[in-house]
Number of protein chains: 2
Amino acid sequence: MAARKQNSTYTSNEKYIVECDLTYAVNKIGGRWKILIISKLEKGKMRFGELKKEFPYITERMLTLQLRALEQDGLVKRTVYAEVPPRVEYELTEMAAAFGPIFQQLSEWGGKHRKSVN
Amino acid sequence: MAARKQNSTYTSNEKYIVECDLTYAVNKIGGRWKILIISKLEKGKMRFGELKKEFPYITERMLTLQLRALEQDGLVKRTVYAEVPPRVEYELTEMAAAFGPIFQQLSEWGGKHRKSVN
DNA sequence: TGGGGTACTAACAAAAGTGTAAGTAATGGC
DNA sequence: GCCATTACTTACACTTTTGTTAGTACCCCA
């Protein structure tokens, strides 16, 4: 999320890579927690604290960062209720819901092939 | 590929994450170049040098690393011919070929949604 | 003898990603 | 007044990923 140097090969490569629709899509769900978060949210709205409980070792910082990134990318909608203590709910956008069947297939792939290599 | 400390939260999380078939699958194709390499190889066998030319800014080191990882994961088959100068060919395994239709869909997702968010 | 071609490898450096630990605001209930 | 609750934020440290640069082996051919 931080500003990047604009002249590095790292950045050139990133630009090149994002031009491809496929890598563009994969980048959206990259990172350690995003796919897991999306999977959980497929079942419906969840509060920050509920999501946190789903992942035993995630830190609040990480969860916040990932949710913010997902929001930025238009995959998650964030609703804040003006209450105390605060209540914030997260839900998938249509765009993210479209990942459903794809995730299903990826998951099947994982299930089928994880045994074949040790 | 380097040895990791076995006691970090980073590692605990990784273990947890890999237990999920979905993230297991996504991890196989994670990283900057793997999907692109697989895409190219879908068209057929390629030599190291040919692959290199496909990606304007990839370094030899990166290409080697990614190919080795793919080989490790059983996604790519590497064939060395005993010639001078050396000739090495890479091709997808069945396991990797099974990604074909999934990549197709991800690519469509990318094409459809990249306009909606700037 | 020396250069060209191919597919690498090694040591190092920069960048990004992830985790740790502590602290914040707001308000209702005791 | 003080504490608990929730959803964060901040500053820092560590780990992994990616890139830079230089070098290797091998044999053929001029």
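Being a predicted model, the structure only gives us computed values, none of them experimental. Chain letters run A, B, ... following the sequence lines, proteins first, then strands; residues in each count from 1.
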Show me the side-chain donor-acceptor pairs of residues 57-65 of chain B shorter than 3.5 Å, one per line, residues at least two apart or across chains.
unit_1	atom_1	unit_2	atom_2	d
B:Thr59	OG1	B:Met62	N	3.2
B:Thr64	OG1	B:Glu60	O	2.8

**Q.** Worked verdict on A:Ile35 versus A:Leu106 for side chain to side chain contact (heavy atoms under 4.5 Å, CB included)
**A.** CA-CA 11 Å; A:Ile35 342 173; A:Leu106 276 169; over 6 Å; no

Q. When we call it a touch if two heavy atoms are under 4.0 Å apart, what does B:Glu89 touch: a base, just sugar-phosphate, or nothing?
A.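 Counting heavy atoms under 4.0 Å across all strands, no contact is made by B:Glu89.
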
Q. Just how large is the angle between the end axes of the helix from C:dT1-D:dA30 to C:dC30-D:dG1, five pairs per end, to 10 degrees?
A.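 Its terminal axes enclose an angle near 30°.
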
Rounded to whole Å, how long is the line connecting atom [atom1] of [X] with atom [atom2] of [N]?
X       : N      : atom1 : atom2 : result
B:Ile29 : D:dT17 : CD1   : P     : 15 Å
A:Leu65 : C:dT18 : CG    : P     : 9 Å
B:Arg61 : C:dA14 : CZ    : P     : 15 Å
B:Ile58 : D:dT17 : CD1   : C1'   : 13 Å
A:Lys45 : D:dA7  : NZ    : P     : 14 Å
A:Lys52 : C:dG19 : NZ    : P     : 13 Å
B:Arg32 : C:dA14 : CZ    : P     : 17 Å
B:Met62 : C:dC8  : CE    : P     : 15 Å

Can you check nucleotides 1-7 of chain C for protein contacts, nitrogen or oxygen pairs under 3.5 Å, and list what you find?
unit_1	atom_1	unit_2	atom_2	d
C:dT6	O3'	B:Arg47	NH2	3.0
C:dT6	O3'	B:Pro86	O	3.0
C:dA7	OP1	B:Arg47	NE	2.9
C:dA7	OP1	B:Arg47	NH2	2.9
C:dA7	OP2	B:Gly49	N	3.0

Q) Among pairs that include at least one residue of residues 79-95 of chain B, which meet side chain to side chain donor-acceptor pair (under 3.5 Å), considering only residues two or more places apart or in two chains? A)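 Listed once each, the pairs are B:Arg78-B:Tyr90, B:Tyr81-B:Glu89, B:Glu83-B:Arg87, B:Arg87-B:Glu89.
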
Q) Aromatic rings B:Phe99 and B:Phe103: how do their planes relate, parallel, tilted or perpendicular, breaks at 30° and 60°? A)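 It falls in the parallel class, under 30°.
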
Q: Mind checking ring pair (Phe, Tyr, Trp, His ring centres under 6.0 Å) for B:Trp33 and listing every partner two or more places apart, or none if nothing turns up?
A: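 Once residues adjacent in sequence are excluded, the partners of B:Trp33 under the ring pair (Phe, Tyr, Trp, His ring centres under 6.0 Å) criterion are B:Phe55.
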
Q. B:Phe48: what forms a ring pair (Phe, Tyr, Trp, His ring centres under 6.0 Å) with it, not counting sequence neighbours?
A.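 By the ring pair (Phe, Tyr, Trp, His ring centres under 6.0 Å) rule, B:Phe48 matches no residue at all.
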
Q.
Counting only side-chain nitrogens and oxygens, does B:Gln66 get under 4.0 Å of the OP1 or OP2 atom of D:dT18?
A.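 Answer is yes, contact under 4.0 Å.
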
**Q.** Side-chain N or O of B:Thr59 closer than 4.0 Å to phosphate OP1/OP2 of D:dT20
**A.**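 No, B:Thr59 has no side-chain N/O under 4.0 Å of OP1/OP2 on D:dT20.
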
Q: Please name the pair of heavy atoms, one in B:Ile29 and one in B:Ile38, separated by the smallest distance, quoted to 0.1 Å.
A: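 In this case the closest contact between B:Ile29 and B:Ile38 is CG2-CD1, 4.0 Å.
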
